[in-house]
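Heads up, the thing below is written out as structure tokens.
For ligands, and for the atoms within them, numbers begin at 1 and follow the listed sequence.
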Amino acid sequence: MSTTIFDLFAHRCQETGGKPLFERPGLPPIDFEAALLATRRLARVLVDLGVTPGDRVAVQVEKSPEAVLLYLACLQVGGVFLPLNTAYTGAEIDYFLGDAEPRLFVCRPETIAGHVSRASGTLAVESLGTARDGSLMDRAAAAAPLCEAVLREADDAAAILYTSGTTGRSKGAVLTHRNLVSNCLSLIEAWRFTADDRLIHALPIFHTHGLFVACNMALVAGATMIFLTRFDTDEIINEMGDATVLMGVPTFYTRLLQSPRLDAQSTAAMRLFVAGSAPLLAEHHTEFAARTGHAILERYGMTETCMIASNPYDGERRPGAVGMPLPGVDLRIADRDTGAPLPQGEIGAIEVRGPNVFAGYWRMPEKTRSEFRTDGYFITGDLGRIDADGYLHIVGRDKDLVISGGYNVYPKEIEALIDEVPGVLESAVIGLPHPDLGEAVTAIVVPRPGARLEAAQVIAALAGKLARYKQPRRVVLAPDLPRNVMGKVQKAQLRTTHSNLYAQTEPLAQA
Ligand code: MLC
Ligand code: AMP
């Protein structure tokens with residue numbers, strides 16, 4: 001039997017009872033006690049809907065406190081929480097539901113009409129809105145609280161998060177209770193997170209960063225979350241006067257730096273700024289420190305591994321570095337082909353082992369095996385080196401991946417769809433430096449000889465098939481793609497050729 005995030009939250013509620021857990025501008029706060037009661041009602045609803053231990057609960061809803069409580073309720077009844085990006089289209093949802101075979105799918109009230117037909121003897125479909133509305137909340141209002149929690153083992157699955165693959169299908173990363181609990185407790189200690197903290201939460205809650213780092217830490221430590229539906233520069237700066245911690249992707253910091261309001265005074269109440277999910281430019285780290293007096297604490301993580309490394313809370317937070325492995329995490333720089341550890345200072349594959357590392361990919365034993373070394377190290381697909389002082393630097397990626405505003409996009413998935421567009425001979429999707437997103441998804445497309453193809457046609461053909469953030473921000477038509485002697489497309493060369501494509505681009509929201 002093992003402790004779960006739900007158990008730790010329920011335990012914390014005994015001490016923090018009437019303290020606010022969620023605060024939202026213009027809305028009444030929700031305290032820990034009320035949150036626990038609502039969770040217990042939702043847990044009863046899950047049981048009534050037939051969710052038994054090990055069953056998946058797939059959820060594609062807008063950000064709300066109730067969505068977090070649904071996650072907790074799922075853990076309470078021993079279910080496996082499966083959050084889905086709100087940007088996913090119908091075709092993408094079909095795949096996830098087919099692959100994960102959930103017992104319950106919870107969608108937005110406005111999309112339920114399109115989803116009810118999915119309901120069957122083995123799949124219940126319910127809805128959850130942002131105003132305590134939806135069929136799930138209707139059921140919860142009438143439900144008696146369920147006070148017992150199902151006992152789980154540390155290696156039992158707690159959640160599945162889908163990550164796209166370099167080839168073919170998306171993979172469901174199965175995270176265990178051990179993964180979530182050990183990582184949460186490590187981070188609470190590493191970042192001195194306490195019940196006195198007030199966390200500005202502006203991240204989405206369907207990914208590791210927003211859910212398993214930010215929410216878990218607040219739920220377990222007894223901190224208050226200033227729960228914002230999305231990132232807005234002015235709103236964040238307004239909240240900083242009454243908050244202590246911000247966790248964000250680098251785009252948050254890029255945008256904050258563009259505001260003349262960001263200075264030592266507006267950030268005076270804050271004690272910690274955390275960045276991760278994508279590389280934070282060293283110059284932004286330095287500029288932020290010069291403007292505010294705060295050194296951003298950059299950390300490194302991955303869906304499959306939760307958080308791996310962090311710059312120190314006390315001690316130098318080194319620009320361009322992601323710090324040292326968290327306690328209990330074994331990290332090595334290894335030869336990409338053999339997995340043999342390399343001498344200190346050399347660049348190689350970043351490999352990790354520890355209680356943070358996931359159980360494997362959902363129903364993909366061979367894929368799982370191929371991503372682990374025989375001695376248990378997981379091959380992250382990132383390339384790095386450890387400097388003389390023990391700081392890890394991520395220097396590149398061994399995987400064909402674009403990270404746009406903190407979201408991962410796997411080129412293979414986009415290329416396959418572009419290649420189906422009439423008039424397209426072939427394509428290469430790459431990430432190019434973008435001043436707001438870090439990297440922007442960009443397609444280099446070769447038309448068929450004689451075809452009259454326009455970039456806009458390619459973009460239009462992808463609409464509706466792919467989540468918006470995966471769609472290329474620009475399509476560049478080219479007569480051919482550079483290849484090496486083996487015939488492999490030289491993406492590095494394409495990235496160099498087009499490196500300035502977005503040099504003058506404005507932030508998304510203002511574009
Ligand atoms: C939104 N859009 C994006 C985008 N976000 N396009 C590319 N990349 C993105 N990241 C699109 C929208 O569909 C819309 O398209 C337009 O851009 C503007 O949308 P918006 O809603 O106004 O954007 P905004 O709210 O400003 O969002 C940008 C953002 C957001 C960076 C704040 O993407 C975000 O919160 N990212 C965080 C992702 C995250 O949590 N990653 C953690 C993964 S966990 P149009 O054309 O309709 O206008 C992980 C492990 C770890 O990686 O280590 O943490
Ligand atoms: P995801 O699959 O969405 O969990 O993304 C994980 C990937 O994000 C990692 O493998 C890294 O490539 C990248 N990443 C996360 N944090 C950082 C960071 N601080 N610096 C550079 N890359 C990062």
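- Annotation for ligand 1: atoms under 4.0 Å from non-hydrogen atoms of His207 are 43 (C), 44 (S).
- Residue Ile403 touches ligand 2 through its side chain alone, judged by heavy-atom distances below 4.0 Å.
- Considering backbone and side-chain N/O atoms, Arg230 comes within less than 3.5 Å of an N/O atom of ligand 1.
- Which of Gly381, Ala278, Gly406, Gly438 comes nearest to atom 17 (C) of ligand 2 through a heavy atom is settled by distance: it is Ala278.
- Residue contacts with ligand 2, taken as heavy atom pairs separated by less than 4.0 Å, do not involve His393 at all.
- The shortest N/O to N/O separation between Ser277 and ligand 1 falls below 3.5 Å.
- Asp197 and Thr244 form a side-chain donor-acceptor contact under 3.5 Å, judged by distance and modelled atom types alone.
- Numbered from 1 in the order shown, with element, the atoms of ligand 1 that lie under 4.0 Å from a heavy atom of Phe231 read 32 (C).
- Residue contacts with ligand 1: Phe252 is placed with no nitrogen or oxygen under 3.5 Å of a nitrogen or oxygen of the ligand (distance criterion only).
- An N or O contact shorter than 3.5 Å is missing between Thr380 and ligand 2 by distance.
- Checked against side-chain contact (heavy atoms from CB on, under 4.5 Å), Ser427 has the following partners two or more places apart in sequence or in another chain: Glu415, Ile418, Asp419, Val445.
- Taking 4.0 Å as the cut-off, His207 does not count as a neighbour of ligand 2 on heavy-atom distance.
- Considering backbone and side-chain atoms together, Asn408 places no N or O closer than 3.5 Å to any N or O of ligand 1.
- On a distance-only criterion, Thr208 and ligand 1 share no N/O pair closer than 3.5 Å.
- Taking any N or O of Thr303, backbone or side chain, none lies under 3.5 Å from an N or O belonging to ligand 1.
- By the 3.5 Å distance cut-off applied to N or O atoms, Ser404 is counted among the residues near ligand 1.
- The proximity of Ser277 to ligand 2, defined as any non-hydrogen pair under 4.0 Å, is limited to the backbone.
- Distances from ligand 2 to the non-hydrogen atoms of Lys399 include at least one value under 4.0 Å.
- Those atoms of ligand 1 that come under 4.0 Å of a heavy atom in Arg255, given as number and element, are 24 (P), 26 (O), 28 (C).
- Without hydrogens or angle criteria, Thr251 side chain to Val249 main chain gives no donor-acceptor distance under 3.5 Å.
- Residues Asp242 and Arg198 are paired through a salt bridge, judged by an N-O separation under 4.0 Å between the basic side chain and the carboxylate.
- Contact check on Lys171 versus Glu371 returns no salt bridge, with no Lys/Arg side-chain nitrogen under 4.0 Å from an Asp/Glu carboxylate oxygen.
- At least one N or O atom of Arg299 sits closer than 3.5 Å to an N or O atom of ligand 1.
- Take Tyr300 and apply the ring-ring contact (aromatic ring centres under 6.0 Å, His included) test, not counting sequence neighbours, and it matches no residue.
- Within the set Asp398, Val274, Asp382, the minimum heavy-atom distance to atom 9 (C) of ligand 2 is found for Asp382.
- The distance criterion of under 3.5 Å between nitrogen or oxygen atoms is met by Gly405 with respect to ligand 1.
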